[in-house]
Amino acid sequence: MQEQLRALQQKAEGDLLKCTTLEELNEVRIRYMGKKGELTQILRGMGKLSKEERPIIGSLANEIRDEFDEKLAHITKQIKAQELEQRLEKESIDITLPGIAPEKGRKHPLTQIIEEIEEIFLGLGFTIEEGPEIELDHYNFEALNIPKDHPARDMQDSFYITPEVLLRTHTSPVQARTMEKMKPQYPIKIIVPGKVYRRDDDATHSPMFHQVEGLVIDKNIRFSDLKGTLLSFAQQMFGPKQRIRLRPSFFPFTEPSAEVDISCVICNGKGCRTCQNTGWLEILGSGIVHPNVLEMGGYNPEEVTGFAFGMGVERIAMLKYGIDDMRLLYENDVRFLRQF
Ligand code: PHE
């Protein structure tokens, strides 16, 4: 019987080793160790054994069962590991495939220009101020020496919310607001980027556009300071060979006033279609702060003087990038915007 058992053990182990799936393992287990399994069958014959032999065979049977269970557990573990490996292999991802890149945005050309203007003036010692787009008539006009019946109001026809509240027509009201906030301290040396609104709409005018205002107030500020500041700006913005030209003009809040041109960036001043053969392009309005404006702002025109300017951001963007229709800047066509 001992030999029978030993033979059974060997056969069972051999069968276990041949298994490649968990199902097969289970079948082998049932075949040998199940209620009707081969081991049980052999043990049925124990009744014929002598008293002395019985415990020996019994413990051998237990030993065989334990060893079988141990083997079974071991092989089960191996098969499970193999199956996992195979599954992972099937699921594996080809990391060498090119991915789907997310579309990358970029700054709008107007934002780029505003930031460039800011950088230049920060480099010249200016700080940045802001003001409200919904503005009081007082700051937009009155405090800038433009009384109710002044003809200059026609040039800046706006969108009124009430007779005293409107969408600002320029960034100049922030001049008045800053003086009111700072008085009587000086120097003031600020730029003011922002949106402004006018009743205008064609290829070169939009009802909403951007300006950057400048204001300097200090002792002994002269016209030459304005000119030097603007020349430095033009050369940093458009190139070191840039020239500027100042033409007499009129603004109620500056006296004297000047319109400032840069030499044409397209033809270098020789004359072309863009500059209408003049060789010059207008980029901003400017002047020496009117004494009335200083006084209304809380400053003594006998003590301090100042200069101010206001430039159109769209116009500068169009000149810098050679854009001939302002509306392109607002249509948000990515084919256009991608070029900057
Ligand atoms: N605010 C003026 C405009 O919008 C420009 C300007 C600003 C002129 C400051 C002189 C001084 O046309």
Side-chain angles (χ1 to χ4, degrees), residues 114 117 121 124 126 128-133 135-147 150-159 166-179 188-200 204-218 221-230 233-234 244-262 281-294 296-297 299 301 304-317 326:
I114 290 171
I117 296 171
F121 281 103
L124 293 172
F126 285 69
I128 298 172
E129 282 288 333
E130 280 183 349
E133 288 169 33
E135 186 55 285
L136 294 172
D137 181 277
H138 169 75
Y139 292 111
N140 197 82
F141 293 127
E142 299 281 339
L144 294 171
N145 206 28
I146 315 175
H150 198 288
R153 287 200 178 202
D154 290 349
M155 259 168 46
Q156 300 194 358
D157 198 3
S158 180
F159 300 94
L166 70 159
L167 296 183
R168 68 181 178 190
T169 59
H170 49 180
T171 41
S172 301
V174 188
Q175 287 190 32
R177 284 179 173 275
T178 306
M179 285 188 237
I188 291 176
K189 205 172 174 190
I190 57 159
I191 54 163
V192 185
K195 291 187 173 71
V196 301
Y197 303 83
R198 289 187 201 174
R199 277 184 51 182
D200 265 336
T204 53
H205 295 89
S206 153
M208 183 280 297
F209 61 103
H210 298 77
Q211 288 188 331
V212 176
E213 191 82 10
L215 174 69
V216 174
I217 292 175
D218 202 353
I221 294 294
R222 295 155 304 173
F223 206 88
S224 54
D225 296 315
L226 168 66
K227 198 172 173 183
T229 302
L230 293 178
F233 165 74
I244 60 170
R245 176 176 82 166
L246 281 75
R247 281 178 292 111
S249 184
F250 174 80
F251 299 100
F253 36 95
T254 47
E255 180 61 33
S257 302
E259 220 112 39
V260 177
D261 302 336
I262 56 168
L281 297 163
E282 183 190 325
I283 60 159
L284 59 85
S286 66
I288 292 295
V289 180
H290 196 290
N292 289 355
V293 174
L294 283 175
M296 281 187 276
Y299 287 86
V304 293
T305 47
F307 70 74
F309 58 84
M311 62 182 83
V313 176
E314 277 77 356
R315 199 164 164 79
I316 290 174
M326 189 188 256

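Read the numbers this way: they start at 1 and go in the same order the structure lists the ligands and their atoms.
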Contacts of F253 meeting ring-ring contact (aromatic ring centres under 6.0 Å, His included) (sequence neighbours excluded), chain-then-number -> H170, F251
Using heavy-atom distances, let me know which of E213, H170, Q211 sits nearest atom 9 (C) of ligand 1.
E213
How far apart are the closest heavy atoms of A143 and A176, and which atoms are they?
CB-CB, 3.7 Å
At less than 4.0 angstrom from any non-hydrogen atom of F253, what atoms of ligand 1 do you find?
1 (N), 2 (C), 6 (C), 7 (C), 8 (C), 9 (C), 10 (C), 11 (C)
Mark up the atoms of ligand 1 that fall under 4.0 Å of a heavy atom belonging to S172, in ascending order.
1 (N), 7 (C)
Does even one non-hydrogen atom of R198 get within less than 4.0 Å of ligand 1?
yes
Contact region, S286 to ligand 1, non-hydrogen atoms below 4.0 Å, reads backbone
Atoms of ligand 1 under 4.0 Å from any heavy atom of Q175, numbered from 1 in the order shown, are 9 (C)
Are R315 and E282 close enough for a salt bridge, meaning some N to O gap below 4.0 Å?
no
Would you give the length of the straight line joining atom NZ of K189 to atom CG of L215, rounded to the nearest 0.5 angstrom?
12.0 Å
Can you establish whether the number of heavy atoms outside R222 located under 6.0 Å from its atom CZ is more than 12?
no
Closest heavy-atom contact between L144 and P173?
CD1-N, 3.8 Å
May I ask you to identify, for F309, whether its side chain, its backbone, both or neither come under 4.0 Å of ligand 1 on a heavy-atom basis?
backbone
Closer than 4.0 Å to some heavy atom of A308 - which atoms of ligand 1 meet that?
9 (C), 11 (C)
Numbered atoms of ligand 1 (with element) below 4.0 Å of G310, judged on heavy atoms:
6 (C), 7 (C), 9 (C)
Test item: E213 side-chain N/O and S172 main-chain N/O as donor-acceptor pair under 3.5 Å:
yes
